[in-house]
Amino acid sequence: MGAIWAVIQTEKGEPRGVSYETIAGGQKLAAALGKPLEALVLGAGVAGAAEKVAARKVERVRVIEDPKLDPYTPDPYTAALRLAVEAEKPDYVLFPHTYQVRDWVPRLAAALDAGFISDVVDLRADGGEPVFVRQPYQGKLNADCAFTGSGPRLVSFQAGAFLADDAAKGDASAEIVAQPVDLSGVEVRTQVLETFQEVENKVDLSRADVIVAVGRGIGKQENLGVVEELAAALGGQLAASRPVCDNEWLPMDRQIGSSGQTVAPRLYLAIGISGAIQHLVGMKNSGTIVAINKDANAPIFSVADYGIVGDLFEIVPALTAKVKEARGA
Amino acid sequence: MKIVVCIKQVPERDARLRIASDGKSVDTAGVATEINESDQYALEAGLRVAEKVGGEVVALLLGPDAAEEAIRRALAMGAARAIHLNDAGFQGGDASSAAKALAAAVRQESPDLVLTGLQSDDAGWSQTGVILAQLLGWPSATLIMEIEQPEDGRIKVKRELEAGWFQWITLPLPAVLTIQSGIYPVRYATLKGIMGAKKKEMKKMGPADVGVDGGQVGAAGRKVELKRLYVPEKTAEAEILEGDAATAAASLVDRLQKEAKVL
Ligand SMILES: Cc1cc2nc3c(=O)[nH]c(=O)nc-3n(C[C@H](O)[C@H](O)[C@H](O)COP(=O)(O)OP(=O)(O)OC[C@H]3O[C@@H](n4cnc5c(N)ncnc54)[C@H](O)[C@@H]3O)c2cc1C
Ligand SMILES: Nc1ncnc2c1ncn2[C@@H]1O[C@H](COP(=O)(O)O)[C@@H](O)[C@H]1O
């Protein structure tokens, strides 16, 4: 019987937080299928990360250590894991659905001719074949997916699908073993020139107390006035979802989400924002969340405390007036 | 320089989605469609590179007859011609089987560069372009936000990383790049473009035409099966404030003051 592997993504020699979520998901799958869970750490200078992971409840921690794995590029990562999977034949290989995983794990799937169920939010194994739940159509629908056929099975978990804190600790530290792979013949075709932050963020939204965030529902740049007035009335900062910045209606340093800023103000208003996961990860820890959207089924309502369903062009001016009234302005 | 851009047709953003009677797919009857968002940006990026260094953009789409509409839009935007992988044998697949079909078509074209979107707005696998690269044996880079002119057989691109970080990298051609939305403002099709599109070549091809084994593509080639598609149950439900705009706004302000105490 093959094992389940949780592949750990590291950053500066430390496991990334999402990697513990992968372990938590792996523990759930391992319990459901009665298979052993192992962790696999790959990189250069990752001995410390392996030790941290070994404290969690896993059978063992395998370590692939190779200078070619730093900095990250897809060719050696793909080769390293392909060799390890071919040698040890795990049944399942699990990943966090990070930008890095998006960059190389589909290559691995093709190299192994394996199935890859990506961006999974939950899993079930009602005796036998496990079912992995995804959210296609921008999170508007759920899809139960299963693997067909045999061979290694790759799965990536959406950020937040499992909780890092749920990754149970082991009674004793798990054994750490080297996983030998020979990367000497692997050509690294990608050359990394520079890794940088684009602009010093002009506005540090993470300090804002109140954020009024606007999405594609605003329609066009000329319409921004209504939300600007609301932000002013609330004494809050204006922020946006990605399409608003992609369309250059607002500058990129106003973007909230996985590629923008992460914020947790006391009050967050999401106006004309559907609530895609890449937006939610940037704001879901806000104190009170208000959603204004014409679509009653928009995913944003599932993280909001209060919602108003309707046309933002009617609701926002009315809200601005009421806020001014309440604040005695 | 020859550039192939993969485009997928997807339901329009705000379209009402109904589950089809098979419980596994979306009923597409009467649903408005568009070119997948990041694919529009991929097309824009491809057209810009071709305009700068010379060459042509070939649009590549796998989908049913109805997807001709997306192809026509791509031709109107400036693609020189299009390949439409349109055959019952291509339907019902996953990212892996779609990539196998696309790879077969790309091999016949042998371009210098293939661009895809980073993720489809319907299936959302975020896999197809990268699998395609591996099948072709080419290098790939994802989440591209800027492309520089190729030089000495290599191309320099800017990748988006998480939390506002970016990276400049180079890779040898031919290569596959998956484009992130926002890379460059997407052009509109002009009237002249729309008229001109009617004369451009749109080649319909099946598995045998691109030389791919029917068992590798479509439902026969998939490694992942969709068992059930459904509307998710809402977990934490927001308190929805009812009434006309003024009433709802007043209740909200009241809640924010008295319950949430944030005003
Ligand atoms: C790798 C990756 C990274 C990403 N990073 C980010 C990120 O950092 N931040 C981010 O935000 N997104 C990011 N995205 C994009 C994300 O997936 C969504 O596409 C995006 O968040 C959608 O923005 P939106 O909600 O404004 O637009 P849409 O999804 O188009 O939603 C618009 C909403 O407005 C509503 N609406 C329309 N008109 C009105 C009206 N008159 N009144 C009221 N409501 C109205 C609609 O019902 C709809 O719900 C990323 C995607 C990927 C794949
Ligand atoms: N049927 C298709 N036809 C053409 N291109 C596709 C198709 N499916 C996926 N792609 C391309 O692959 C990208 C990623 O899709 P996905 O892996 O489904 O998220 C899309 O943005 C498209 O560029």
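A note on names: the letters A, B, ... follow the listed sequences, proteins ahead of strands, and every chain is numbered from 1.
Here CD of A:Q197 is found 4.5 Å from CH2 of B:W165. Values are rounded to the nearest 0.5 Å. Atom-to-atom distance recorded for A:R189:CZ and B:L171:CG is 8.5 Å, nearest 0.5 angstrom. Distance check: A:L234 CG to B:L263 CG gives 6.0 Å after rounding to the nearest 0.5 Å. The CZ atom of A:F147 sits 12.0 Å away from the CD atom of B:E225 when rounded to the nearest 0.5 Å. From A:D246, atom CG reaches atom CD of B:Q180 across 7.0 Å, with rounding to the nearest 0.5 Å. Taking OG1 of A:T195 as the reference point, atom CD of B:Q167 lies at 4.0 Å (rounded to 0.5 Å).
Proximity to chain B is absent for every atom of A:V131, based on heavy atoms less than 4.5 angstrom apart. Looking at B:L252, only its side chain comes within 4.5 Å of chain A, counting heavy atoms on both sides. Of the two parts of A:T262, neither the backbone nor the side chain holds a non-hydrogen atom closer than 4.5 Å to a non-hydrogen atom of chain B. For A:V290, the part sitting under 4.5 Å from any heavy atom of chain B is the side chain, from C-beta outward, and nothing else. Looking at A:A304, the atoms closer than 4.5 Å to chain B (heavy atoms on both sides) sit in the backbone and in the side chain alike. When heavy atoms are compared at a cutoff of 4.5 Å, A:L108 does not approach chain B at all. For a residue to count as touching a neighbouring chain, one of its non-hydrogen atoms must lie under 4.5 Å from one of that chain's; by this rule A:A321 does not touch chain B. Looking at B:P139, both its backbone and its side chain come within 4.5 Å of chain A, counting heavy atoms on both sides. Heavy atoms of A:Q255 lying under 4.5 Å from chain B are absent altogether. With a threshold of 4.5 angstrom between heavy atoms, B:I19 approaches chain A through side-chain atoms but not through N, CA, C or O. Neither the backbone nor the side chain of A:F313 comes within contact range of chain B; no heavy atoms are under 4.5 Å apart.
Contact tally against chain A (heavy-atom pairs below 4.5 Å) for B:K227, B:E242, B:R13: the top residue is B:R13. Among B:A95, B:A163, B:P11, B:A246, the residue making the largest number of heavy-atom pairs under 4.5 Å with chain A is B:A163. Ranked by heavy-atom pairs under 4.5 Å with chain A, the list B:V253, B:T170, B:L241 is led by B:T170. Each of B:L256, B:D94, B:T178 has some count of heavy-atom pairs under 4.5 Å with chain A, and the biggest count is that of B:L256. The greatest number of non-hydrogen atom pairs below 4.5 Å with chain A, out of B:G243, B:P172, B:S96, is found for B:P172. Across B:A123, B:S251, B:G129, the residue that shares the most heavy-atom pairs under 4.5 angstrom with chain A is B:A123.
Looking at residues two or more places apart in sequence or on another chain, you find no side-chain hydrogen bond (donor to acceptor under 3.5 Å, both in side chains) involving B:Y184.
Minimum interatomic distance between A:L141 and B:P232 (heavy atoms only, all atoms of both residues): CA-CD, 3.8 Å. Scanning both residues, B:S126 and A:R102, for their nearest heavy atoms gives CB-NH1, 3.2 Å. Across all their heavy atoms, A:T148 and B:V224 have their closest contact at OG1-N, 4.1 Å.
Counting only N and O atoms by type, the side chains of A:S118 and B:Q127 include a donor and acceptor under 3.5 Å apart. If you check the side chains of B:S140 and A:R107, you find a donor sitting under 3.5 Å from an acceptor. Inspection of the B:E160 and A:S259 side chains reveals an N or O donor paired with an N or O acceptor under 3.5 Å.
Salt bridge status for A:D113 with B:K100: present, with a side-chain N to carboxylate O gap under 4.0 Å. A salt bridge links B:R159 with A:D103: at least one charged nitrogen is closer than 4.0 Å to a carboxylate oxygen.
Heavy-atom proximity under 4.5 angstrom to chain A picks out B:V26, B:E37, B:Y41 from residues 23-46 of chain B. Using non-hydrogen atoms only and a strict 4.5 Å limit, the part of residues 305-312 of chain A facing chain B consists of A:D305, A:Y306, A:G307, A:I308, A:V309. For residues 267-278 of chain A, a heavy-atom distance under 4.5 Å to chain B picks out A:L267, A:Q278, given by residue number.
Not one N or O on the side chain of B:R228 forms a donor-acceptor pair closer than 3.5 Å with the backbone of A:N142.
For the pair A:R134 and B:W125, the cation-pi test (distance below 6.0 Å, angle within 45°) is passed.
Counting only heavy atoms from C-beta outward, the side chains of B:L143 and A:Y99 approach each other to under 4.5 Å.
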